[in-house]
K.L.:
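Right, I'll just put the structure down here and ask away after.
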Amino acid sequence: MKKTVIYYFSGTGNTWWVATRLAEALQPHHHQVSIHSIETLMLEDVSAELSDIDHVVLGFPVYGSTAPRPMLDFIHTFPATNGRQTITIFATQALASGDTALMISRMLAQKGYLVQQARHFRMMNNLHLPRFRFYPPKNDYRSERLLARTLPRVVDLAQEIAAGKKHITGNNPLGHLLGGLQRRHIDALIAKASAEFRVDQKRCILCGKCLRICPTGNIHRCQEQLHFAKDCVLCLRCYSHCPTAAILLGEGSADVHKYPRYKGPGPGFNVDVLIK
């Protein structure tokens, strides 16, 4: 029985879904799998666990052809190894991911890890804002249909991990070009977009959910109002899961029909799984 650990960061649930399905798909291949949101871990917990692990998996959503800052910070503190530890990288994307998984895999290779797989998975878009007008997220059968198409590819990844088969995506001229262009601007775009957060006081019921689920602790309550600091990573968790759609991001986002919020992968998704 091989021991595998999956560490992931998920803004609104897509990467959590892939990580969970991957864990399930590995079990028939005699892998004992533990799975963790990196938001729940301390560095000493990771170091202790890695000492008794056969294979590591890192998963995250694509943010401008790179990983979101919480995952980049996690990788920065990730323990180095002796060149024998195998690792898999996967990234979830809405449209195009460039060479994201490849670029992150090279960061782990510099720490001594043997990268066996670097894969991308298409998931439902969660980014449709007045400033970034992609296609609106779907919270109906279309989301479930996309999950059904993605699941066989997750099963394929589990088979590759079990067989030790190498599979690296994104290593092509177009992937490098797209990745380089997006990474050049992503930090400025996140800073500019996150500065537009505000709260519709008429809608807000001060339930405290946004404070509880924010991965960076960027939201603060002062008396009877909410305030946003400058540590936002634009995961859109608060925006997507506010029960009254009181959190706005740009003029026009109050219109929930024109700018619907993504409610996560599949019916009944509970955002609390990302912080437990």
K.L.:
Name all residues meeting the side-chain contact (heavy atoms from CB on, under 4.5 Å) criterion together with Cys204; count only those two or more places apart in sequence or in a different chain, and write none if there are none.
P.N.:
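Cys204: side-chain contact (heavy atoms from CB on, under 4.5 Å) contacts with Val199, Leu206, Leu226, Ala246.
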K.L.:
Could you walk me through whether Ile275 and Arg237 pass side-chain contact (heavy atoms from CB on, under 4.5 Å), step by step?
P.N.:
CA-CA 11 Å; Ile275 59 175; Arg237 193 183 292 174; 3.6 Å; yes
K.L.:
Ala191: what forms a side-chain contact (heavy atoms from CB on, under 4.5 Å) with it, not counting sequence neighbours?
P.N.:
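In terms of side-chain contact (heavy atoms from CB on, under 4.5 Å), with neighbours along the sequence ignored, Ala191 is linked to no residue.
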K.L.:
Rounded at 0.5 Å granularity, tell me how far NZ in Lys138 sits from NZ in Lys263.
P.N.:
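These two atoms lie 15.5 Å from each other.
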K.L.:
Could you tell me whether Arg203 and Asp200 make a salt bridge, using a distance below 4.0 angstrom between a side-chain N and a carboxylate O?
P.N.:
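Answer for the salt bridge query: yes.
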K.L.:
Let me confirm one number: the CD1-CG distance from Ile38 to Asp45, rounded to the nearest 0.5 Å.
P.N.:
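It comes to 13.0 Å.
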K.L.:
Can a donor-acceptor pair be found, under 3.5 Å and without considering hydrogens, that links the side chain of Lys230 to the backbone of Ala195?
P.N.:
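Checked: no pair found.
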K.L.:
Taking Thr150 for its side chain and Arg122 for its backbone only, find out whether a donor-acceptor pair lies under 3.5 Å.
P.N.:
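Yes.
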K.L.:
How about Trp17 and Phe269: are their ring centres within less than 6.0 Å of each other?
P.N.:
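No, the ring centres sit 6.0 Å or more apart.
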K.L.:
Does Arg142 have any salt bridge (Lys or Arg N to Asp or Glu O under 4.0 Å) partners at least two apart in sequence or in another chain, and if so, which?
P.N.:
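For Arg142, the residues satisfying salt bridge (Lys or Arg N to Asp or Glu O under 4.0 Å) (neighbours in sequence not counted) are Asp140.
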K.L.:
With sequence neighbours left out, which residue pairs that include part of residues 183-229 fulfil the ring pair (Phe, Tyr, Trp, His ring centres under 6.0 Å) condition?
P.N.:
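Found Phe197-Phe228.
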K.L.:
If we only count heavy atoms from C-beta on, is the Pro137 to Asn126 side-chain gap below 4.5 Å?
P.N.:
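No; the side chains remain at least 4.5 Å from each other.
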K.L.:
With heavy-atom distances below 4.5 Å as the criterion, would you say the side chains of Asp231 and Arg69 are in contact?
P.N.:
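With C-beta onward as the side chain, the pair touches.
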K.L.:
Sequence neighbours excluded, which residues qualify as salt bridge (Lys or Arg N to Asp or Glu O under 4.0 Å) partners of Asp54?
P.N.:
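Residues passing salt bridge (Lys or Arg N to Asp or Glu O under 4.0 Å) with Asp54: none at all.
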K.L.:
I'd like to know whether CE of Met1 has more than 12 heavy-atom contacts from other residues, nucleotides or ligands below 6.0 angstrom.
P.N.:
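Check passes, neighbour count above 12.
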K.L.:
Any salt bridge (charged side-chain N to carboxylate O under 4.0 Å, His left out) pairs touching residues 148-172, not counting sequence neighbours?
P.N.:
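Output for this query lists Arg119-Glu160.
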K.L.:
Looking only at atom types and distance, does a side-chain atom of Arg131 sit under 3.5 Å from a main-chain N or O of Gly250, one as donor and one as acceptor?
P.N.:
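It does not hold such a pair.
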K.L.:
Might you point out which heavy atoms bring Thr15 and Pro61 nearest each other, and give the distance in Å?
P.N.:
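In terms of heavy atoms, the two residues are closest at OG1-N, 3.3 Å.
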K.L.:
Same hydrophobic cluster for Val233 and Ile247, using side-chain heavy-atom links shorter than 4.5 Å among ILVMFWY?
P.N.:
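They do not share one cluster, since no chain of ILVMFWY contacts under 4.5 Å joins Val233 to Ile247.
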K.L.:
Can you list the steps and then say if Tyr8 with Ser37 is a side-chain contact (heavy atoms from CB on, under 4.5 Å)?
P.N.:
CA-CA 5 Å; Tyr8 73 89; Ser37 165; 3.6 Å; yes
K.L.:
Is it possible for you to say whether Ile89 and Leu50 belong to one hydrophobic cluster, with membership spreading through side-chain heavy-atom contacts below 4.5 Å?
P.N.:
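Yes, Ile89 connects to Leu50 through the hydrophobic network.
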K.L.:
Could you list the residues that satisfy salt bridge (Lys or Arg N to Asp or Glu O under 4.0 Å) with Glu144, not counting sequence neighbours?
P.N.:
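Residues passing salt bridge (Lys or Arg N to Asp or Glu O under 4.0 Å) with Glu144: none at all.
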K.L.:
Taking only residues at least two apart or on different chains, which pairs with a member in residues 242-266 satisfy ring pair (Phe, Tyr, Trp, His ring centres under 6.0 Å)?
P.N.:
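Every pair satisfying ring pair (Phe, Tyr, Trp, His ring centres under 6.0 Å) with a residue in residues 242-266: His128-Tyr259.
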K.L.:
Measuring from atom CG of Leu127 to atom OG of Ser240, what distance do you get when rounded to the nearest 0.5 angstrom?
P.N.:
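Here the interatomic distance stands at 9.0 Å.
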K.L.:
Decide yes or no for Cys210 and Cys242: does some side-chain heavy atom of the first lie under 4.5 Å from some side-chain heavy atom of the second?
P.N.:
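No, their side chains stay 4.5 Å or more apart.
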K.L.:
Indicate yes or no: at least one non-hydrogen side-chain atom of His29 is less than 4.5 angstrom from one of Thr4.
P.N.:
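Side-chain contact under 4.5 Å: no.
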K.L.:
Within a strict 4.5 Å, meaning less than it, do heavy atoms of the Ile53 and Glu49 side chains meet?
P.N.:
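Sidechains of Glu49 and Ile53: in contact.
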K.L.:
Roughly how far, to the nearest 0.5 Å, is the SG atom of Cys214 from the NE2 atom of His241?
P.N.:
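The NE2 atom of His241 sits 13.0 Å away from the SG atom of Cys214.
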K.L.:
Heavy atoms only: give me the nearest Tyr113-Pro79 pair and the separation to one decimal.
P.N.:
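Closest approach of Tyr113 to Pro79: OH-O, 2.5 Å.
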K.L.:
CD of Glu251: more than 12 outside heavy atoms within 6.0 angstrom?
P.N.:
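Open: at most 12 neighbouring heavy atoms sit under 6.0 Å from CD of Glu251.
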K.L.:
Hydrophobic cluster membership, with links at side-chain heavy-atom distances under 4.5 Å among I/L/V/M/F/W/Y: are Leu151 and Leu147 in one?
P.N.:
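Yes; tracing contacts between hydrophobic side chains, which count when under 4.5 Å, links both residues.
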K.L.:
Distance check, rounded to the nearest 0.5 Å: Leu274 atom CG versus Thr12 atom OG1?
P.N.:
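OG1 of Thr12 is found 8.0 Å from CG of Leu274.
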K.L.:
Side chain to side chain donor-acceptor pair (under 3.5 Å) with Gln85: which residues, sequence neighbours excluded?
P.N.:
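So Gln85 forms no side chain to side chain donor-acceptor pair (under 3.5 Å) with any residue.
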K.L.:
To the nearest 0.5 Å, tell me how far His167 NE2 sits from Thr88 OG1.
P.N.:
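The NE2 atom of His167 sits 11.5 Å away from the OG1 atom of Thr88.
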K.L.:
Would Val273 end up clustered with Val5 when hydrophobic side chains under 4.5 Å apart are linked, directly or stepwise?
P.N.:
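Per the 4.5 Å side-chain linkage, Val273 and Val5 are not co-clustered.
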K.L.:
The criterion is salt bridge (Lys or Arg N to Asp or Glu O under 4.0 Å); which residues satisfy it with Arg212, sequence neighbours excluded?
P.N.:
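Residues passing salt bridge (Lys or Arg N to Asp or Glu O under 4.0 Å) with Arg212: Asp272.
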K.L.:
What heavy-atom pair brings Gly112 and Thr81 nearest, and what distance separates the two atoms?
P.N.:
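The answer is O-CG2, 3.1 Å.
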K.L.:
How about Lys209 and Val271: do any of their side-chain heavy atoms sit closer than 4.5 Å?
P.N.:
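With C-beta onward as the side chain, the pair touches.
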K.L.:
With sequence neighbours left out, which residue pairs that include part of residues 44-75 fulfil the ring pair (Phe, Tyr, Trp, His ring centres under 6.0 Å) condition?
P.N.:
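Those involving residues 44-75 are Tyr7-Phe74, Phe74-Phe78.
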K.L.:
Which atom names give the shortest non-hydrogen contact between Leu129 and Leu236, and what distance separates them?
P.N.:
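Here Leu129 and Leu236 meet closest at CD1-CD2, 4.5 Å.
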K.L.:
Considering only heavy atoms from C-beta outward, does the side chain of Asp187 approach that of Leu189 to under 4.5 Å?
P.N.:
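Result no, sub-4.5 Å side-chain heavy-atom pair not found.
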K.L.:
I'd like to know if Val62 and Leu22 are part of one continuous hydrophobic network [Ile/Leu/Val/Met/Phe/Trp/Tyr, side-chain heavy atoms within less than 4.5 Å].
P.N.:
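No, Leu22 does not connect to Val62 through the hydrophobic network.
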K.L.:
Looking only at heavy atoms, which two atoms of Met123 and Leu146 are closest? And how far apart?
P.N.:
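Taking every non-hydrogen atom into account, C-CD2, 3.3 Å.
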K.L.:
Going by atom type alone, with no hydrogens or angles, which donor-acceptor pairs under 3.5 Å involve a side-chain atom of residues 101-110 and a protein atom two or more places apart or on another chain?
P.N.:
| unit_1 | atom_1 | unit_2 | atom_2 | d |
| --- | --- | --- | --- | --- |
| Ser105 | OG | Ala101 | O | 3.4 |
| Ser105 | OG | Leu102 | O | 2.6 |

K.L.:
Looking only at non-hydrogen atoms, find the nearest pair between Ala148 and Pro152 and report the distance.
P.N.:
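Looking at all heavy atoms of both residues, the closest pair is O-CD, 3.1 Å.
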K.L.:
Should Arg261 and Tyr239 be marked as a side-chain contact (heavy atoms from CB on, under 4.5 Å) after you check the CA-CA gap, both sets of side-chain angles, and the distance that decides it?
P.N.:
CA-CA 7 Å; Arg261 276 60 165 169; Tyr239 175 81; 3.3 Å; yes
K.L.:
Measuring only between side-chain heavy atoms, which start at C-beta, is Ile161 closer than 4.5 Å to Val57?
P.N.:
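Ile161 reaches Val57 side chain to side chain.
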